[in-house]
Amino acid sequence: MTVFLLLKTLHIIGATVLFGTGAGIAFFMLMAHRTRDARIIAHTAGVVVVADTIFTATAVLLQPLTGAGLAMLAGYPLQHGWLLASLALYVVVGAFWLPVVWMQLRMRDLAAHAAASASALPPTYFRLWRLWFAFGFPAFAAVIAIIWLMVTKPSF
Ligand code: HEM
């Protein structure tokens, strides 16, 4: 296998990890939230924080590296239309993902506190939940747009 194809395989694995972990986390957080059970929410949010650290953060760091390697080997300058658009969208994804990581930590702690003190989930938890949910849409839309740009490589 050539270096290019090896890098491309790693790059595509990175894309599936980014998309798959994101979609999985969104689903399991939603399922936990729907129980309204502070113990279940605290546990799920805790697992989600670990999953984001191991899988998402690693893929977030490696994706631009494998991508830059591919661009170099294929001879695409990074300011090339679809590549530049993808990089801009990648910044958008990061701008929505970083606050989401913080929100997950806060939601985990608020739910753990509610479970430990046998009290109801506080209004701050529900505010964070709505914001967390809303931030997922632009982030997912941007990831899908990047995948589309990478696959179709439109000339504009
Ligand atoms: C962050 C900076 C990124 C750079 C510089 C970059 C660069 C590249 C380049 C140059 C290719 C073309 C390889 C070829 O000519 O066959 C490619 C392919 C691909 N990229 Fe990226 N990429 C980046 C991020 C992403 C992200 C975030 C995703 C998805 C989550 C992604 C998904 C893909 C996929 C699926 C392909 C394969 C397309 C195909 O072979 O038809 N890339 N990338």
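Just so you know, ligand 1 is whichever comes first in the structure, and atom 1 is the first atom listed for that ligand.
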Do the non-hydrogen side-chain atoms of [X] and [Y] ever get within less than 4.5 Å of each other?
X	Y	answer
W129	L110	no
L18	T56	yes
V60	Y90	yes
H11	L7	no
V47	F28	no
H33	F133	no

Should the proximity of [X] to ligand 1, defined as any heavy atom under 4.0 Å, be assigned to the side chain, the backbone, both, or neither?
X	result
W148	neither
L83	side chain
V93	neither
F19	neither

Pick whichever of G69, P64, G14 has a heavy atom sitting closest to atom 1 (C) of ligand 1.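 Residue with the shortest heavy-atom distance to the ligand atom: P64.
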
Considering only heavy atoms, which of I12, L65, L78, T66 lies nearest to atom 37 (C) of ligand 1? I12

What do you get for the angle at atom 21 (Fe) of ligand 1 between SD on M150 and NE2 on H11, to the nearest 10 degrees? 180°

Has ligand 1 got any nitrogen or oxygen that is less than 3.5 angstrom from a nitrogen or oxygen of K8?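 Between K8 and ligand 1 (N or O atoms, distance only) the closest approach is under 3.5 Å.
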
Using distance alone, decide if ligand 1 has a nitrogen or oxygen within less than 3.5 Å of any nitrogen or oxygen in W82. no

Nearest to atom 14 (C) of ligand 1, what protein heavy atom do you find, and at what distance?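 Minimum-distance protein heavy atom for atom 14 (C) of ligand 1 reads F4 CZ, 3.4 Å.
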
For A68 and ligand 1, answer yes if some heavy atom of the residue is under 4.0 Å from a ligand atom, otherwise no. yes

Parallel, tilted or perpendicular: ring planes of W82 versus H80, cut at 30 and 60 degrees: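 Because their plane-to-plane angle is over 60°, the rings of W82 and H80 count as perpendicular.
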
